[in-house]
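Taking it in order: structure first as structure tokens, then the write-up.
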Amino acid sequence: MKTAFITGATAGIGESCAHLFAKNGFRIVLNGRNPEKLKALTDVLVEKYNVPIIPVCFDVRDREAVRTAIEGLPAEVRGVDVLVNNAGLVLGVDKEHEGDLEEWDIVLDTNIKGLLNVTRLLVPYMVERGTGHIINIGSIAGDAAYAGGSVYCASKAAVKALTDGLRIDLVDTPLRVTNIKPGLVETNFSITRFHGDKAAADKVYQGIRPLTGDDVAEVVYWTATAPSHIQIAEVLLLPTHQATAGVVYRKG
Ligand code: 8X3
């Protein structure tokens, strides 16, 4: 049985990935920060797909918690087949010279150092086993900065560099490394960005049919299940009426 380790799996793209991989018979190492949400999703996945689900509750920013969780996995599970580094967020739409440094610490520590914590501590087991696929959830925001997104865009540019760097470092192994870069995806992403203001979040997706978490999960799964000689290095995934982060055609 194959294993997928998914971070930030209790909502949005991560949750969709958990459903899709479980539906296709993967055992899931399911990570989230909130124990209640993690338990609830674990129960749903076990009930729905009848596959083993291993919940691991930690914040990817907490390096020791990441280490304890990974070292606590059964040895046969630890060299996972697929790692989806999905945990990430954005807070605020402030200008770089005006925003909240504490919020930016959370964004940078989660999106960059959190991803690095999981990669650094888990990937050696994949290398040892001689198989595996690391899929990082980047963003179109990593391709170019946009207004109100300076720090988030920087974090996703870092995800691109970390993905490319890892692909270089693993070139002499059978492991594959992918960066999935979605554009507008309607999840709780914008609600978090606007600190719970649903009306402000809704405006982001007004007049356009955005992607869903399930749409992104389909692409993640496609890259993970491509024949083993094919490495899909990057996918830029946009709604039909989005051309760049800033060029969006909205009806009405
Ligand atoms: C999400 C895409 O354009 O809202 O990463 O930053 S965007």
Side-chain angles (χ1 to χ4, degrees), residues 6-17 60-61 84-96 98-100 103-116 118 134-164 178-220 223 232-251:
I6 305 169
T7 68
T10 56
I13 294 169
E15 183 176 2
S16 291
C17 288
V60 293
R61 290 178 294 165
V84 183
N85 269 319
N86 165 73
L89 80 167
V90 60
L91 294 168
V93 283
D94 299 307
K95 293 178 192 276
E96 195 171 313
E98 293 174 352
D100 183 328
E103 282 194 343
W104 289 343
D105 277 345
I106 296 172
V107 172
L108 295 169
D109 287 350
T110 304
N111 298 6
I112 304 174
K113 287 165 74 181
L115 177 144
L116 205 45
V118 178
I134 298 95
I135 302 172
N136 291 335
I137 305 300
S139 171
I140 191 174
D143 284 0
Y146 59 75
S150 173
V151 170
Y152 177 68
C153 293
S155 77
K156 291 300 183 177
V159 170
K160 166 156 174 65
L162 291 170
T163 313
D164 291 345
T178 298
N179 186 15
I180 306 280
K181 306 187 300 183
L184 291 167
V185 187
E186 190 164 16
T187 58
N188 58 354
F189 174 84
S190 289
I191 297 176
T192 304
R193 167 172 251 171
F194 290 104
H195 307 103
D197 182 344
K198 172 112 176 37
D202 285 348
K203 268 198 182 157
V204 175
Y205 310 107
Q206 222 163 40
I208 182 170
R209 180 174 171 183
L211 302 172
T212 64
D214 288 354
D215 295 331
V216 180
E218 288 289 344
V219 175
V220 170
T223 66
I232 299 161
E234 255 192 28
V235 181
L236 176 63
L237 173 67
L238 304 173
T240 298
H241 288 298
Q242 179 173 21
T244 70
V247 178
V248 176
Y249 170 71
R250 298 177 194 274
K251 284 194 182 133

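Counting starts at 1 for both ligands and their atoms, following the listed order.
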- Task: Say whether, by atom type as modelled, one donor and one acceptor occur between the side chain of N179 and the main chain of G138 under 3.5 angstrom.
- Result: yes

- Task: State the atoms of ligand 1, each with its element, that fall below the 4.0 Å cut-off from a heavy-atom position in A141.
- Result: 6 (O)

- Got a donor-acceptor contact below 3.5 angstrom from the K95 side chain to the A147 backbone? no

- Task: Write out the residue and atom name of the closest protein heavy atom to atom 6 (O) of ligand 1, then the distance separating them to 0.1 Å.
- Result: Y146 OH, 2.5 Å

- Item | Of D202, V204, D215, the residue whose pairing with E186 passes side chain to side chain contact (heavy atoms under 4.5 Å, CB included) | D202

- Message: Against ligand 1, does G149 come closer than 4.0 Å with any heavy atom?
- Response: no

- Message: Among all protein heavy atoms in this structure, tell me which lies nearest to atom 2 (C) of ligand 1, with the distance rounded to 0.1 Å.
- Response: G183 O, 3.3 Å

- Message: Just to confirm my output: which protein heavy-atom neighbour is closest to atom 3 (O) of ligand 1, and how far is it?
- Response: I140 CG2, 3.6 Å

- Starting from atom 4 (O) of ligand 1, which protein heavy atom do you reach first, and at what distance in Å? F189 CE2, 3.6 Å

- Query: With only distance considered, is Y152 within less than 3.5 Å of ligand 1 through an N or O on each side?
  - Reply: yes

- S139, any N or O under 3.5 Å of ligand 1 N or O: yes

- Query: Mind checking whether K160 and E234 have side chains closer than 4.5 Å, heavy atoms only?
  - Reply: yes

- Would you find a donor on one side and an acceptor on the other, under 3.5 Å apart, between the side chain of T178 and the backbone of I232? yes

- Does the Q242 side chain pair with the main chain of L184, one donor and one acceptor, at a distance under 3.5 Å? yes

